[in-house]
Amino acid sequence: MSLRDEPPFRADHVGSLLRPEELLEARGRHAAGELDADGLREVEDASIEAVMRMQRDVGLRTVTDGEFRRTSWHMDFIYQLGGIDRTDEKLLVHFRNADGELDFESPAMSVHERVTLERTIFEPAFTFVRDHAAAGQTPKLTIPSPSMVHYRGGNSSIDHDVYPDIDAFWEDLTDAYNAQMRGVYELGCRYLQLDDTSLAYVNDPAQREHILEIGGDPEHLHEQYIANINRALGGRPDDLAVTTHMCRGNNQSMWAAEGGYDFVAEALFNDLEVDGFFLEYDDERSGTFEPLRFVPKGKLVVLGLVTTKRPELESKDLLKRRIDEASKFVDVDQLCLSPQCGFSSTVEGNKLTRDDQAAKLWLVVETAQEVWG
């Protein structure tokens with residue numbers, strides 16, 4: 001066993017990081033018309049350079065911009081696809097944790113024209129990270145998977161006059177994603193992550209009821225999503241590492257779904273053509289490690305054992321014991337370690353401090369070094 005020289009790394013992280021107060025303040029001033037776009041960008045640039053240094057200082061090989069230029073992990077991307085716009089309608093997502101509940105509203109979306117990629121999305125954001133990465137840092141770009149474009153509203157969000165045949169929608173969407181993949185590769189991206197809540201949500205019976213409500217097939221939707229992600233990745237360059245991250249909701253330390261990976265595991269691990277899977281495993285909501293028995297040789301599992309939802313620091317001994325438990329189902333050399341989700345999937349962030357965040361990332365790095373050398 002040894003530390004890996006290519007992504008996903010033995011010590012890795014999902015992508016989003018807590019925004020500093022000065023950035024939140026600048027975003028507020030920009031929204032109020034008190035700060036122009038150049039002024040906001042200057043604050044963003046300084047904040048991103050600082051958070052890139054933090055990732056280097058804790059020993060991570062992966063580096064992201066913390067998604068500091070986004071409001072949410074997925075909609076900032078989806079709204080930039082041609083043919084898709086936000087609407088005045090609201091989508092309601094119910095989040096909860098041990099301390100309470102939250103009904104979170106976000107704008108709905110409509111597919112009103114054929115889906116296209118008008119330009120490489122997040123090009124300036126990625127090139128900034130690429131150009132400011134230190135030696136030994138591998139820039140990672142995180143984008144929502146194509147599944148998320150459909151799961152937000154289902155077939156009802158797609159104009160039937162534009163797409164009387166849903167297969168034509170998927171063809172255009174996966175073509176757009178394929179062009180995005182090739183575009184970021186040309187920019188120098190060698191580590192691309194597709195974030196996908198749907199493939200975790202469908203393990204929850206309550207979410208499968210939601211799938212019925214939006215006109216889907218709850219028994220087979222995950223298979224359709226897997227096939228279309230593979231289409232989106234068709235012709236992937238050999239030196240482009242692609243991972244997927246699956247969570248059950250992450251908004252201000254709350255979650256939306258629960259259930260182990262049993263329902264999707266066999267199709268997910270065997271059929272999805274990615275190099276690694278970032279999996280939530282920070283509490284009982286994620287089920288057991290048993291579904292990992294379906295992971296074939298050659299694929300990596302990044303165990304999300306360190307929670308981003310609470311500030312309390314996990315014990316290193318506990319993490320090592322859990323890695324050992326997981327290794328009963330998949331070879332330990334196919335395992336890596338990370339936090340269970342991003343620290344700030346939405347601009348508000350989870351309920352912990354940036355010092356807590358750094359401590360958890362330190363813990364991931366130190367534990368990985370002790371386990372894998």
Side-chain angles (χ1 to χ4, degrees), residues 1-4 7-14 59-62 97-98 193 196-197 199-204 222 243-250 253 255 257-272 274-343 356 359-373:
M1 293 185 298
S2 63
L3 289 175
R4 289 174 53 81
F9 298 105
R10 295 298 187 195
D12 217 312
H13 76 102
V14 169
L60 287 165
R61 299 281 301 277
T62 301
N97 63 16
Q193 180 173 295
D196 194 318
T197 61
L199 291 172
Y201 275 31
V202 297
N203 292 284
D204 188 329
H222 67 289
T243 58
T244 188
H245 168 248
M246 290 160 283
C247 86
R248 296 158 180 79
N250 186 46
S253 291
W255 46 271
E258 59 187 31
Y261 297 96
D262 306 78
F263 185 78
V264 302
E266 188 167 8
L268 174 72
F269 296 134
N270 284 286
D271 297 340
L272 187 60
V274 296
D275 300 296
F277 304 88
F278 281 76
L279 303 180
E280 282 193 314
Y281 268 119
D282 62 326
D283 60 27
E284 64 280 356
R285 285 184 306 115
S286 305
T288 70
F289 292 125
E290 190 171 352
L292 299 183
R293 71 187 187 278
F294 291 110
V295 178
K297 294 294 184 183
K299 292 189 178 181
L300 281 291
V301 171
V302 187
L303 296 173
L305 301 178
V306 175
T307 191
T308 67
K309 297 187 185 297
R310 299 180 301 277
E312 294 80 15
L313 199 62
E314 291 80 356
S315 83
K316 199 179 296 184
D317 286 343
L318 174 62
L319 297 180
K320 291 178 180 179
R321 287 198 300 272
R322 299 209 68 204
I323 292 169
D324 186 59
E325 290 170 15
S327 71
K328 293 178 172 61
F329 300 98
V330 60
D331 194 288
V332 69
D333 206 40
Q334 292 177 253
L335 297 175
C336 304
L337 180 64
S338 79
Q340 130 274 342
C341 197
F343 288 88
D356 296 328
K360 284 177 178 278
L361 293 172
W362 265 112
L363 177 64
V364 167
V365 172
E366 291 180 347
T367 304
Q369 288 174 341
E370 293 181 17
V371 171
W372 289 283

Q. Which pair of non-hydrogen atoms, one from Pro311 and one from Asp356, has the smallest distance, and what is that distance?
A. CB-OD2, 3.3 Å
Q: For Glu314 and Asp282, run side-chain contact (heavy atoms from CB on, under 4.5 Å): C-alpha distance rounded to whole Å, both residues' side-chain angles, the deciding distance at 0.1 Å, then the answer.
A: CA-CA 10 Å; Glu314 291 80 356; Asp282 62 326; 5.6 Å; no
Q.
I need the Cys336 SG to Leu305 CG distance, nearest 0.5 Å.
A. 11.5 Å
Q) CZ of Arg285 to SG of Cys247: how many Å apart, nearest 0.5 Å? A) 8.0 Å
(Q) In the structure I gave you, are the side-chain heavy atoms of Phe9 and Leu60 within less than 4.5 Å of one another anywhere? (A) no
Q: May I ask you to test the Val302-Thr243 pair for a side-chain heavy-atom distance under 4.5 Å?
A: no
Q | Polar side-chain atom of Asn203 near backbone of Ala200 as donor-acceptor pair, under 3.5 Å | A | yes
**Q.** Short side-chain to backbone donor-acceptor contact, His245 and Gln340, under 3.5 Å
**A.** yes
Q | Beyond-backbone contact of Phe343 with Leu361, side-chain heavy atoms, under 4.5 angstrom | A | yes
**Q.** Distance-minimising heavy-atom pair for Asn270 and Glu266
**A.** ND2-O, 3.0 Å
(Q) If we ignore hydrogens and angles and just use 3.5 Å, is the side chain of Ser338 paired with the main-chain N or O of Val14 as donor and acceptor? (A) no
Q. To the nearest 0.5 Å, what is the distance between OG1 (Thr244) and CG (Leu272)?
A. 6.0 Å
Q.
In the structure I gave you, are the side-chain heavy atoms of Met246 and Leu268 within less than 4.5 Å of one another anywhere?
A. yes
Q: Test Asp204 against Phe263 for side-chain contact (heavy atoms from CB on, under 4.5 Å), laying out the working first.
A: CA-CA 9 Å; Asp204 188 329; Phe263 185 78; over 6 Å; no
Q) Lys299 and Val274: which non-hydrogen atoms are nearest, and at how many Å? A) CE-O, 3.8 Å
Q) Are Leu279 and Leu292 side-chain neighbours, meaning at least one heavy-atom pair lies under 4.5 Å? A) yes
Q | Test ring pair (Phe, Tyr, Trp, His ring centres under 6.0 Å) applied to Tyr261 and Tyr281, Phe294, Phe289, Phe329, the passing residue | A | Tyr281
Q: Taking all non-hydrogen atoms of both residues into account, name the closest pair between Val295 and Gln334 and its distance.
A: CG1-NE2, 3.9 Å
Q. To the nearest 0.5 Å, how far apart are SG in Cys341 and CZ in Arg248?
A. 10.5 Å
**Q.** Nearest atoms (heavy-atom pairs only) where Pro339 meets Asp12
**A.** CD-O, 3.4 Å
Q: Would you mind reporting whether Arg4 and Asp333 have side-chain heavy atoms less than 4.5 Å apart?
A: no
Q: Check whether any side-chain heavy atom of Lys360 lies under 4.5 Å from a side-chain heavy atom of Thr307, and answer yes or no.
A: yes
Q: Any chance you could measure Thr367, atom OG1, to Leu319, atom CG, to the nearest 0.5 Å?
A: 5.0 Å
Q) Got more than 12 heavy atoms from elsewhere within 6.0 Å of CD, Glu325? A) yes
Q | Gap separating the CD atom of Glu258 from the CG atom of Asp283, nearest 0.5 angstrom | A | 9.5 Å
Q. Taking C-beta and beyond as the side chain, do Arg10 and Leu300 meet within less than 4.5 Å on heavy atoms?
A. yes
